[in-house]
Amino acid sequence: MEPHEIEQWAKVRQKGILRYMLKYGTLIALGFAYLSWSSLNSPKITGFDIAGIAITALIGGVALSIIFWYRKEIPYRHINRDKS
(Lines give C-alpha, C1' and ligand atoms only; values in the text may rest on other atoms or scores of the structure.)
Protein backbone atom coordinates (compact mmCIF):
# COMPACT_ATOMS: atom_id res chain seq x y z
CA MET A 1 0.00 0.00 0.00
CA GLU A 2 1.19 3.49 -0.82
CA PRO A 3 1.27 6.11 1.96
CA HIS A 4 -1.68 8.02 0.49
CA GLU A 5 -3.68 4.77 0.30
CA ILE A 6 -2.96 4.11 3.96
CA GLU A 7 -4.27 7.55 4.91
CA GLN A 8 -7.40 7.12 2.79
CA TRP A 9 -8.05 3.66 4.20
CA ALA A 10 -7.63 4.96 7.76
CA LYS A 11 -10.43 7.47 7.10
CA VAL A 12 -12.70 4.81 5.59
CA ARG A 13 -11.84 2.40 8.40
CA GLN A 14 -12.89 4.91 11.05
CA LYS A 15 -16.39 5.02 9.59
CA GLY A 16 -16.69 1.26 10.02
CA ILE A 17 -17.40 -1.88 8.07
CA LEU A 18 -21.18 -1.49 8.22
CA ARG A 19 -21.10 1.85 6.44
CA TYR A 20 -18.64 0.43 3.89
CA MET A 21 -20.93 -2.55 3.30
CA LEU A 22 -23.96 -0.33 2.87
CA LYS A 23 -22.20 1.92 0.39
CA TYR A 24 -20.33 -0.57 -1.75
CA GLY A 25 -22.57 -3.58 -1.17
CA THR A 26 -25.53 -1.57 -2.41
CA LEU A 27 -23.65 -0.50 -5.53
CA ILE A 28 -22.57 -4.07 -6.26
CA ALA A 29 -26.06 -5.43 -5.62
CA LEU A 30 -27.74 -2.84 -7.83
CA GLY A 31 -25.23 -3.45 -10.61
CA PHE A 32 -25.75 -7.20 -10.42
CA ALA A 33 -29.53 -6.83 -10.30
CA TYR A 34 -29.50 -4.52 -13.32
CA LEU A 35 -27.30 -6.87 -15.35
CA SER A 36 -29.42 -9.87 -14.36
CA TRP A 37 -32.67 -8.10 -15.14
CA SER A 38 -31.43 -6.90 -18.53
CA SER A 39 -30.24 -10.39 -19.47
CA LEU A 40 -33.70 -11.89 -19.01
CA ASN A 41 -35.17 -11.94 -22.49
CA SER A 42 -38.26 -13.85 -21.50
CA PRO A 43 -41.57 -12.02 -21.97
CA LYS A 44 -42.97 -13.82 -18.92
CA ILE A 45 -41.00 -12.81 -15.86
CA THR A 46 -42.42 -14.34 -12.72
CA GLY A 47 -42.21 -13.21 -9.12
CA PHE A 48 -39.79 -16.05 -8.46
CA ASP A 49 -37.43 -14.59 -11.07
CA ILE A 50 -37.53 -11.20 -9.39
CA ALA A 51 -37.13 -12.71 -5.92
CA GLY A 52 -34.20 -14.83 -7.08
CA ILE A 53 -32.45 -11.83 -8.58
CA ALA A 54 -33.06 -9.74 -5.46
CA ILE A 55 -31.85 -12.40 -3.02
CA THR A 56 -28.79 -13.24 -5.10
CA ALA A 57 -27.94 -9.56 -5.52
CA LEU A 58 -28.21 -8.90 -1.78
CA ILE A 59 -26.12 -11.90 -0.76
CA GLY A 60 -23.55 -11.20 -3.46
CA GLY A 61 -23.33 -7.51 -2.57
CA VAL A 62 -22.75 -8.27 1.11
CA ALA A 63 -20.23 -11.02 0.39
CA LEU A 64 -18.21 -9.01 -2.11
CA SER A 65 -18.16 -5.89 0.05
CA ILE A 66 -16.80 -7.95 2.97
CA ILE A 67 -14.15 -9.45 0.70
CA PHE A 68 -13.18 -5.97 -0.55
CA TRP A 69 -13.05 -4.65 3.03
CA TYR A 70 -10.62 -7.33 4.16
CA ARG A 71 -8.60 -6.98 0.97
CA LYS A 72 -7.70 -3.48 2.22
CA GLU A 73 -7.82 -4.20 5.95
CA ILE A 74 -5.28 -7.03 6.08
CA PRO A 75 -2.40 -5.07 4.47
CA TYR A 76 -3.31 -2.03 6.60
CA ARG A 77 -3.04 -4.06 9.81
CA HIS A 78 0.19 -5.63 8.64
CA ILE A 79 1.77 -2.25 7.89
CA ASN A 80 0.62 -0.75 11.21
CA ARG A 81 1.89 -3.77 13.13
CA ASP A 82 5.34 -3.30 11.60
CA LYS A 83 5.38 0.39 12.62
CA SER A 84 4.76 -0.45 16.27
Colleague: Any side-chain heavy atom of Tyr20 sitting closer than 4.5 Å to one from Phe68?
Modeller: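 Tyr20 reaches Phe68 side chain to side chain.
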Colleague: List, by chain and then residue number, the residues other than Ile53 in its hydrophobic cluster (Ile/Leu/Val/Met/Phe/Trp/Tyr, side-chain heavy atoms under 4.5 Å); write none if there are no others.
Modeller: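 Via sub-4.5 Å side-chain contacts, Ile53 links to Trp37, Leu40, Ile45, Ile50.
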Colleague: Atom CD1 in Ile6, atom NZ in Lys72: separation rounded to 0.5 Å?
Modeller: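 Those atoms lie 10.0 Å apart.
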Colleague: Let me check something: do Val12 and Val62 share a hydrophobic cluster, defined by ILVMFWY side-chain heavy atoms less than 4.5 Å apart, either directly or through other members?
Modeller: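 Same cluster: Val12 reaches Val62 through Ile, Leu, Val, Met, Phe, Trp or Tyr contacts under 4.5 Å.
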Colleague: When rounded to the nearest 0.5 angstrom, what distance separates NE2 in His4 from CH2 in Trp9?
Modeller: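 Those atoms lie 14.0 Å apart.
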Colleague: According to a hydrophobic-cluster definition based on side-chain heavy atoms being under 4.5 Å apart (Ile, Leu, Val, Met, Phe, Trp, Tyr only), do Ile59 and Met21 belong together?
Modeller: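 Ile59 and Met21: separate clusters.
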Colleague: May I ask you to test the Met1-Tyr76 pair for a side-chain heavy-atom distance under 4.5 Å?
Modeller: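 A side-chain contact under 4.5 Å exists here.
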Colleague: Please round to the nearest 0.5 Å and tell me the distance separating atom NE2 of His78 and atom CD1 of Ile74.
Modeller: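 Spacing of NE2 (His78) from CD1 (Ile74) equals 11.0 Å.
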Colleague: Write down the atom of Ser36, the atom of Ser39, and the distance for their closest heavy-atom approach.
Modeller: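 Smallest heavy-atom distance, with atoms named: O-OG, 2.8 Å.
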Colleague: Just how far is it from atom CG of Leu58 to atom CG of Leu30, taken to the nearest 0.5 Å?
Modeller: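 Interatomic distance, Leu58 CG to Leu30 CG, rounded to 0.5 Å: 9.0 Å.
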Colleague: Could you give the distance from CD1 (Ile17) to OG (Ser65), rounded to the nearest 0.5 Å?
Modeller: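 Between atom CD1 of Ile17 and atom OG of Ser65 there are 7.5 Å.
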Colleague: Hydrophobic cluster membership, with links at side-chain heavy-atom distances under 4.5 Å among I/L/V/M/F/W/Y: are Leu22 and Trp69 in one?
Modeller: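 In one cluster with Leu22: Trp69, no.
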Colleague: Arg77 versus Arg13: any side-chain heavy-atom pair under 4.5 Å?
Modeller: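 Side-chain contact under 4.5 Å: yes.
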Colleague: Identify whether Phe32 and Ile55 are in the same connected component of the hydrophobic contact network (ILVMFWY, side-chain heavy atoms under 4.5 Å).
Modeller: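 Unlinked, Phe32 and Ile55 end up in two clusters.
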